[in-house]
*Asks:* 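Here it is: the structure, laid out below.
A quick note: this is a predicted structure, and the numbers were derived from the prediction, not measured.
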Amino acid sequence: MGREAPKQQQQQQPPVAYTVEQLVAVNRYNPDILPDLENYVNEQVSSQTYSLDANLCLLRLYQFEPEKMSSQIVARILVKALMAMPAPDFSLCLFLIPERVQMEEQFKTLIVLSHYLETGRFRQFWDEAAKNRHIVEAVPGFEQAVQGYAIHVLSLTYQKVPRAVLAEAINIEGLSLDKFLEHQVANYGWAIEKTQGKGQLIVLPKNEFNDPVLKKNTSDSVPLEHITRIFPILS
């Protein structure tokens, strides 16, 4: 008898590694990707990155698997969404969270914080945030993101803003504010004017929203969301 030919060994293919973005694109409604999406939220927090699409996908999956919902993960998603303002990410995320979950204290707090930011009530925002540091400080970069948003809102309204108004909006005072202003003057075209006494006016760069001349020269109208954000500051 001749020798039996050896069976050809099958080559095992290594498992294909997909990025979270690829998983979201091809398996958006597959509950098996839920742990990957939760881990990705924590990765966004630690690396200070952001993916609204992945976070919305996770919140949709929680709707189908409510027993698997992690309040900690949802809170982190909402904090990251607040950091993305003026984009409407917070409202988009909140729409996917059941009302019974929104009634938890940490989520009620985040909703209040969102309202203060949307209406330009920065002093109330910082006071409320200080009372709930355990929620907002769990996400690195939160304070800096809100400060950037506050400056964005002020720049839509003012060419010149009193130092005290700026200090209240970004929650920085004293020597820390001096250093911040030095950095803005050196890098972003800000200027400082002295007023009578020891006061200061902070001169912000001109744009089509705070300068009538530039507004006349631009062909674009002011978006509605900008108008609604300006009204509370002017009142």
Side-chain angles (χ1 to χ4, degrees), residues 7-118 125 128-129 132-149 152 223-226 228-229:
K7 295 181 180 179
Q8 187 176 4
Q9 294 183 350
Q10 293 182 348
Q11 292 184 352
Q12 293 184 349
Q13 296 292 333
V16 179
Y18 293 99
T19 65
V20 172
E21 288 79 5
Q22 290 172 327
L23 290 175
V24 170
V26 301
N27 287 313
R28 184 174 295 271
Y29 298 104
N30 184 350
D32 292 341
I33 70 171
L34 197 148
D36 294 299
L37 293 176
E38 289 180 328
N39 290 334
Y40 191 47
V41 172
N42 292 326
E43 181 182 323
Q44 292 174 57
V45 170
S46 61
S47 62
Q48 297 194 43
T49 55
Y50 182 56
S51 174
L52 174 64
D53 194 32
N55 294 345
L56 289 176
C57 182
L58 175 56
L59 292 176
R60 290 191 193 98
L61 289 176
Y62 278 153
Q63 289 183 318
F64 297 114
E65 306 275 346
E67 72 282 356
K68 296 182 179 179
M69 177 179 288
S70 165
S71 293
Q72 181 188 61
I73 293 294
V74 174
R76 290 185 171 189
I77 288 175
L78 288 179
V79 172
K80 294 291 285 187
L82 276 182
M83 294 167 63
M85 291 187 74
D89 298 14
F90 187 88
S91 296
L92 294 175
C93 292
L94 197 64
F95 180 76
L96 297 174
I97 300 172
E99 188 174 348
R100 59 173 179 79
V101 177
Q102 294 183 30
M103 295 307 295
E104 295 181 19
E105 282 302 318
Q106 61 178 337
F107 299 125
K108 289 197 293 185
T109 295
L110 289 171
I111 292 170
V112 169
L113 290 176
S114 171
H115 176 68
Y116 285 152
L117 289 180
E118 288 175 350
F125 169 85
E128 187 67 23
N132 297 276
R133 294 186 182 278
H134 62 288
I135 300 176
V136 297
E137 290 186 351
V139 181
F142 177 79
E143 184 175 359
Q144 293 83 353
V146 174
Q147 288 167 342
Y149 169 70
H152 166 77
L224 179 61
E225 62 267 23
H226 290 322
T228 56
R229 293 182 194 284

*Asks:* Please report the interatomic distance CG(L52) to SG(C57), rounded to the nearest 0.5 Å.
*Replies:*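 SG of C57 is found 11.0 Å from CG of L52.
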*Asks:* Do L113 and V79 make a side-chain contact, defined as non-hydrogen atoms from C-beta onward lying under 4.5 Å apart?
*Replies:*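 L113 does not reach V79 side chain to side chain.
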*Asks:* Answer whether the closest heavy-atom distance between the side chains of N132 and E128 falls below 4.5 Å.
*Replies:*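 Yes. Closest side-chain heavy atoms under 4.5 Å.
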*Asks:* For A75 and L110, which heavy atoms make the closest approach, and how far apart are they?
*Replies:*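 Heavy atoms of A75 and L110 come nearest at O-CD1, 4.0 Å.
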*Asks:* What closest approach, in Å, do L78 and C93 show between heavy atoms, and which atom pair accounts for it?
*Replies:*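 Taking every non-hydrogen atom into account, CD2-CB, 3.8 Å.
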*Asks:* For K80 and Q48, indicate whether the former's side chain and the latter's backbone hold a donor-acceptor pair under 3.5 Å.
*Replies:*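 Checking the backbone N and O of Q48 against the side chain of K80, no donor-acceptor pair under 3.5 Å is found.
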*Asks:* Minimum heavy-atom separation for Q102 and I97, please, with both atom names.
*Replies:*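 For Q102 and I97, the tightest heavy-atom pair comes out as NE2-O, 2.8 Å.
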*Asks:* Backbone N or O of I135 within a donor-acceptor pair of the Q106 side chain at under 3.5 Å?
*Replies:*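 Absent.
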*Asks:* Side-chain contact, heavy-atom cut-off 4.5 Å: M85 with E118?
*Replies:*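 M85 vs E118: side chains touch.
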*Asks:* Closer than 3.5 angstrom, by distance alone: can the side chain of Y50 be matched with the main-chain N or O of A84 as a donor-acceptor pair?
*Replies:*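 Here the side-chain-to-backbone pair does not exist.
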*Asks:* Partners of E105 by side chain to side chain donor-acceptor pair (under 3.5 Å), sequence neighbours excluded?
*Replies:*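 Side chain to side chain donor-acceptor pair (under 3.5 Å) check on E105 returns K108.
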*Asks:* Rounded at 0.5 Å granularity, tell me how far CG in L56 sits from CG in D89.
*Replies:*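 So the CG of L56 and the CG of D89 are separated by 7.5 Å.
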*Asks:* Can you find a heavy atom in the side chain of Y40 that is under 4.5 Å from one in the side chain of D36?
*Replies:*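 The answer is no; the side chains never approach within 4.5 Å.
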*Asks:* Picking from V45, V41, L37, N55, what satisfies side-chain contact (heavy atoms from CB on, under 4.5 Å) with I73?
*Replies:*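 Answer after filtering V45, V41, L37, N55: V41.
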*Asks:* When you measure from the side chain of Q44 to the backbone N and O of S51, does any donor-acceptor pair fall under 3.5 Å?
*Replies:*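 Such a contact is found between Q44 side chain and S51 backbone.
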*Asks:* Which atom names give the shortest non-hydrogen contact between L96 and R60, and what distance separates them?
*Replies:*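 Between these two residues, the closest heavy atoms are CD1-CG, 3.8 Å.
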*Asks:* How long is the span from the CZ atom in R100 to the CZ atom in F107, to the nearest 0.5 Å?
*Replies:*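 If we round to the nearest 0.5 Å, R100:CZ and F107:CZ are 10.5 Å apart.
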*Asks:* What pairs with A145 under side-chain contact (heavy atoms from CB on, under 4.5 Å), at least two apart in sequence or on another chain?
*Replies:*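 Expected list: M83.
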*Asks:* Distance check, rounded to the nearest 0.5 Å: L61 atom CG versus M69 atom CE?
*Replies:*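 Those atoms lie 10.5 Å apart.
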*Asks:* Do Y149 and L82 have side-chain heavy atoms sitting under 4.5 Å apart?
*Replies:*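 Sidechains of L82 and Y149: no contact.
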*Asks:* Find the distance between CD (E38) and CD (Q72) and round it off to the nearest 0.5 Å.
*Replies:*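 Between atom CD of E38 and atom CD of Q72 there are 10.0 Å.
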*Asks:* Taking the side chain as every heavy atom from C-beta outward, state whether Y62 and V74 have any atom pair closer than 4.5 Å.
*Replies:*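 A side-chain contact exists here, since the closest heavy-atom pair is under 4.5 Å.
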